Amino acid sequence: MAIYSQNRIVKAVFATALAVGTCGLAQAERFDDGLYKPYEQAVKGKRVVFVPMSMSIDITRAWYEGMKKNAAAKGYTVDVRDPNWRVDVAVQAADQAINEKPDVLVLHADDLMAFNRTIKKARSQGIRVVQLNIKSMENGDAFIGPDWYEVGQRQAKAAVEFCGTGSGRSGQVAIIHGQSVSNANRTILPGIEDELAKHKEIKVVARQSGDYDSNKARGVAATILKQNPNICAFIGLWESMDIGVANAVRQAGLTNKVAVITEGGGNQESGCNQIASGNFTYYVNWNARAQVATLVNTVDLMLQTKAAPGNASAALYSPLETLTKKNVKPTTCWAPDELAKSAN
Amino acid sequence: MPRPGCARLKLSNTMNAKEALIRWRYRLIPDHLIGELLGKSWMDNAIPFLILLITLGLLTNLIPGFLSGGSVATLSQDLGEYLFVVLGMVLVLKAGGIDLSVGSVYALCNFVALGLVNKFELPLVVAIPLVLATGGLVGLVNGVLIGYLRLRAFLTTLASLIIVRALVDILSVKYGFDVSAVSDKPVMGWELLGEGSFLGLPSVVLAAVVAAALMHIVMSRMRFGWHISAVGGSRRSAYNAGLPVRRVVCMTYVLSGAFAGAAALFHAARMSSAGSSVGEGLEMIILTAAVLGGNSLGGGRGSAMKGVLGAITVVMITNGLVRLGLGNGAAPMVLGATLLAAVAIDVRWLKNRGRVLATAYVAPTYDAPPVVRSTEVGSGSPYEKNNSYLTGAKSIGEGIVEGPEDMILDDDDNLYCGDRRGDIYRFFAPDYTRWEVYAHTGGHPLGMAWNPEGELVSCISGMGLYKVTKSREVVKLSDQTNRSLFSIIDDSRIRLADDLDIAPDGRVFFSEATIRYDAHEWMFDALEARPNGRLLCYDPRDNSTRTIVRKSNFANGICMVGDGESFLYALTWRGAVRRYWFDGPNKGRDESVIDDCPGFTDNINRASDGNFWCGLVGMRSHAFDLALKMPKFRKHMVHRVAQDEWICPNLNAGAVIKFDLQGNILATWWDIPQESHPAVTSVREHRGNLYLGSIFHGRVGCVPIPGADPNWTGMTSYWGGRK
């Protein structure tokens, strides 16, 4: 009995000493460079909610992985709400997220109107809103994505280069666009049309919707090819859709004779590899790799700042580059896994 | 060494303890309620409600703040829109169809609403009807093809799904941007549709709840709802019954389209989105909601409430899965699995419900009837089988009448009796060979009595209390009583009115044998040994019916004592006769007159010497009395043994007894060879003769009563000179 209680006392003393020691260690002040403390307070334990169009796209995965990795390093969290392509579900998910009062709401919303109220509501409650790649009518705190008008201009310039005066080609161009309610679509088209209008030798022979669907685009392109045997170039509005256009061109045996001019985020598989194989003749790259870096920095910034008075909105346009077989380097494109790993 | 007597005592003590335990177990646990609950039509909603609760429990556990105020408001936004579409789907399903086009119609109406309001800036009083009409128009096309041209619903609506979707795609590409651009000054009321809320609930959900309530009334209380039910239950029968089957079917599709239009209207106001993903895959969500709520895919079964339950569950599931942040495709997969499970439950439940109900409904309880008095010759019992007085009784109406449970004679000695085919026959005095159908009642007439006006009042099985006027008109007196507060089955309906008698003031006291079974199911009631019967009083002065005595074990014969304030009544399965005071100083008193009769007491009537006659429809047996103490045994027997092998009341050897008010048995008349009148359900004395009725026989018997007053009739005994 006596031995037993003695043992207990020894143990208790030892444990107490250990606890005090650890506390002492924990209490030691971290060196503050004059910015760290407010930074830590602003960032630690905060919450970011990401509502993509769908998590089945390579760029949404890259964005999410990038944000998650950065958040883990800095002590906040990122939740994803996957609406799986359904706009109404996405709006509901964003509205639901607002109820939970996150600090930053990252929206990847492909609908001009549907998210307007949600964005207003979030901002009125002090939730910072970052819009990715495609903007709603209503502006958020920041927009990260290409200047779609310039993307259109670049595509048109490529068409002029391929089909214009001195090329010896017909100058007939077809435009395969996406859904009309997408802001990207709405902005990119004037870019193309305005640029083409400067060049009288270029004639637009068809303007049809591929609905962002590669199967549909292939059918549309095949028909256009039949109707316009002299066609010189297709301008498409998204690499994933335009791969269908490229297939139609290939089936007609016209690869490299008829240009396929597309745009995308610079994925190795769907971008550079297709350029190498000749499927895409021109490719306007809006560089999703750079977007990931911009995104994580913007989120960090949003967490540490208050909204500017008057709800100002920042445009963080992505750097653009027109790719052809000639200027593609092994490091130009990225793979989703590598992008996620390298994020920050 | 214990003495043998001691051991026997111990044994009987443990037996008693065991029996007491069984008695208390059956007294405390109301087994019969399970069957009654399962029999309720709203029981169909119990499973969907349970699924809803389970879903809610799971999601609140998994997602913090799932039920916070803001979260519920966001959820109900979607719920409201879905609910409208589900209501339409419920109508179509109930009429036996299916509408796969709702998603496309929803998208089309969304587009039309945006165009009318944003582009053309029409006021809502014009825009709303136009949008609903657009939905209704697509529905009309479906309805005409399916209802009138008899195309298959599945393929027809699948085709309209594709065609309408293509139309939406074309419109969206061409005008998508134009219609979704919100003008600076939106049309009055438009924002209220999309954003308005009341008590924290969005306007759409309030509108949907009102729509659901209206639809509930239409479906459960109005002609159109009943027609839908009939058409979905059995199209052929509905057609044969003269219902406009084609029009009803067509209308369900029109309404479904209009409901989808209503939902789209709110969606358009909220989202202003004319994207092509609007309403994509909606039909699967709506179908899942409808079926999960318990609306049958086979038609005939469905309600607004079921739609509401299913919609709530599905909205919670879809919303919860997104919020859980599960991987791509998880939500549709779970929804698909849910639909599969719902269909499986639907099919299994429909298939087995009847069997489950039949098994659970019969709920035997413990009963210990008093020890049977002997009928052996030489036993000294008043029930000795020492005569065969009824053998050779004169037969009336043999081969003409079937199942004359009771009979009665008028002043001119004509005899009236009931027939199982729904008639009252009249046999003319003096030889009772001439006859006619006196009145057609439509149900099997049981007990009979004359009222002071000389009209024939009768209890009609399955119908209630009726009278036949002197001009032979059949008039309903009562078919329902007051509903008791805590009964699960609706006991206001009179199921098995059995016998009656009339007090001097004209009030009719009548018995209902059982409230749990119909007449042909009497054997189940006997096996249950549960006091399911009751006594009722119909007061012609204010045309009201009240229940006066409950829990009577197969209440049967009723006979006024003649003091103007009490009557005798028989409890068949107990072999008992009791006396009840309905008026005077002893009002409400209820005491035993006979409690140990070896036979099953049936109708009671007056004798000319101031005593009473009672028919015994069968004899109790030791085996059955023992079985009454073993409720479990009887339940197993009902479930596992074919009906003709059951131990049940022996109804082929009866007798007639005469007794006085003190319960002394004055005479017992037998038909020992069981040739003429073995089972006697009624006895009536008239001018020195005793008439015998039996529900199992094809004739009325008659035997002379030695020493009886040859002028005595029931009519004069009751109403004296009055007529």
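In this text the structure is predicted, and so the values were computed from the model without any measurement. Here is how names work: the chains are called A, B, and so on, in the same order as the sequence lines, proteins then strands, and each is numbered from 1.
Only the side chain of A/D211 has a heavy atom closer than 4.5 Å to any heavy atom of chain B. Residue B/I285 touches chain A through its side chain alone, counting heavy-atom pairs closer than 4.5 Å. Contacts of B/Q77 with chain A are absent, with no heavy-atom separation under 4.5 Å from either backbone or side chain. For B/L321, no part lies under 4.5 angstrom from a heavy atom of chain A. When heavy atoms are compared at a cutoff of 4.5 Å, B/D178 does not approach chain A at all. Looking at A/R81, both its backbone and its side chain come within 4.5 Å of chain B, counting heavy atoms on both sides. Interface remark: A/Q96 contributes backbone and side-chain atoms alike to the contact with chain B (heavy atom separation under 4.5 Å).
Ranked by heavy-atom pairs under 4.5 Å with chain B, the list A/V89, A/D111, A/D110 is led by A/D111. The choice from A/V51, A/L112, A/T118, A/D79 that makes the most heavy-atom pairs within less than 4.5 Å of chain B is A/L112. Across B/A274, B/G65, B/P64, B/S273, the residue that shares the most heavy-atom pairs under 4.5 angstrom with chain A is B/S273. Contact count versus chain B (heavy atoms, under 4.5 Å) is highest, among A/Q208, A/Q179, A/M137, for A/Q179.
Here the CG-CE distance, from B/L114 to A/M113, works out to 9.5 Å after rounding to the nearest 0.5 Å. One distance of note links CG of B/L75 with CG of A/D95; it measures 11.0 Å at 0.5 Å rounding. Taking CZ of A/R86 as the reference point, atom CG of B/L282 lies at 6.5 Å (rounded to 0.5 Å).
Looking at every heavy atom in both residues, A/A93 comes nearest to B/V322 through CB-CG1, 3.7 Å.
The 12-atom threshold is not exceeded at NZ of A/K120, counting heavy atoms of other residues, nucleotides or ligands nearer than 6.0 Å. Dense packing is recorded around OH of A/Y149, with more than 12 heavy atoms of other residues, nucleotides or ligands lying under 6.0 Å away.
Residues A/V87 and B/M271 are in side-chain contact: their nearest non-hydrogen atoms beyond the backbone lie under 4.5 Å apart.
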